[in-house]
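Working notes for the structure below.
FYI, the numbering just counts along the sequence from 1.
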Amino acid sequence: MPRQEVFFEQKTGDRRVAVLKTYDRSYAREVFKSIGEEAREALAEALELRKNYAPEDIPDPNGSDYDDFIWEQVCEAAREDVRNDPSLYSFFVVSEASVAKNEDLYVSPDWPSAEAYAKRRVTGAW
């Protein structure tokens, strides 16, 4: 797996919430496929879809094209400086671990939304 860096980590009891920066597009895609509805909504907000697209250009969130549309937006936003490397992408993954399980809950092309999501997980502000 390509290199990863821990950008945020907080422990609460037996839970650990972390934000990892990864350059592995396939890992980010797997995380994206497994995120829940609240994470998908948070990601759509972070991508500012309503600000950047006319309503008719955004697929129905319950439709089959929505996930592909969101993933394309994530990848476009995750692309690093194309002058240096046109195929380099960076993603931020929120991971939560406890004694019973370890799961990746959120993926984003930007650090601020990943940090906000992680902090909401830590505080239980859902």
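Considering every non-hydrogen atom in both A39 and Y117, the closest pair reads CB-OH, 3.5 Å.
Counted by atom type alone, D104 and Y27 present one or more donor-acceptor pairs between their side chains at under 3.5 Å. S98 and D14 are not linked by any side-chain donor-acceptor pair at a separation below 3.5 angstrom, with hydrogens and angles left out of the test. With hydrogens and angles left out, the side-chain atoms of Y106 and S113 include a donor and acceptor closer than 3.5 Å. In this structure, a donor-acceptor pair under 3.5 Å is absent between the side chains of T22 and D24.
With sequence neighbours left out, R29 forms a side-chain hydrogen bond (donor to acceptor under 3.5 Å, both in side chains) with no residue at all. Partners of E45 according to the side-chain hydrogen bond (donor to acceptor under 3.5 Å, both in side chains) rule, which considers only residues two or more places apart in sequence or in another chain, are R50.
Ring geometry for Y53 versus F69: interplanar angle over 60°, hence perpendicular rather than tilted (30 to 60°). Between F8 and W111, the ring planes are tilted. Angles from 30° to 60° get that label.
Side-chain contact between R25 and F91: present, with at least one pair of heavy atoms (C-beta onward) separated by less than 4.5 Å. Within the 4.5 Å cutoff, no side-chain heavy atoms of E9 are placed close to those of F7. With contacts defined as side-chain heavy-atom distances shorter than 4.5 Å, the pair I70/L47 qualifies. P109 places a side-chain heavy atom less than 4.5 Å from the side chain of L43. Within the 4.5 Å cutoff, side-chain heavy atoms of R15 are placed close to those of E96. Side-chain contact between L88 and R79 is absent, with no heavy-atom pair separated by less than 4.5 Å. You'll find the side chain of V74 stays beyond 4.5 Å of the side chain of E76, heavy atoms only.
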Just list the side-chain donor-acceptor pairs under 3.5 Å for residues 54-65, sequence neighbours left out, or say none.
unit_1: D60; atom_1: OD1; unit_2: N62; atom_2: N; d: 3.0

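In the hydrophobic cluster analysis, where Ile, Leu, Val, Met, Phe, Trp and Tyr join through side-chain heavy atoms closer than 4.5 angstrom, L105 is grouped apart from V99.
A salt bridge between R40 and D67 is present, with a side-chain N of the basic residue lying under 4.0 Å from a carboxylate O of the acidic one. Taking a cutoff of 4.0 Å between a charged side-chain nitrogen and a carboxylate oxygen, R121 and E38 qualify as a salt bridge.
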Step-by-step side chain to side chain contact (heavy atoms under 4.5 Å, CB included) determination, S95 to N102 | CA-CA 7 Å; S95 179; N102 185 13; 3.4 Å; yes
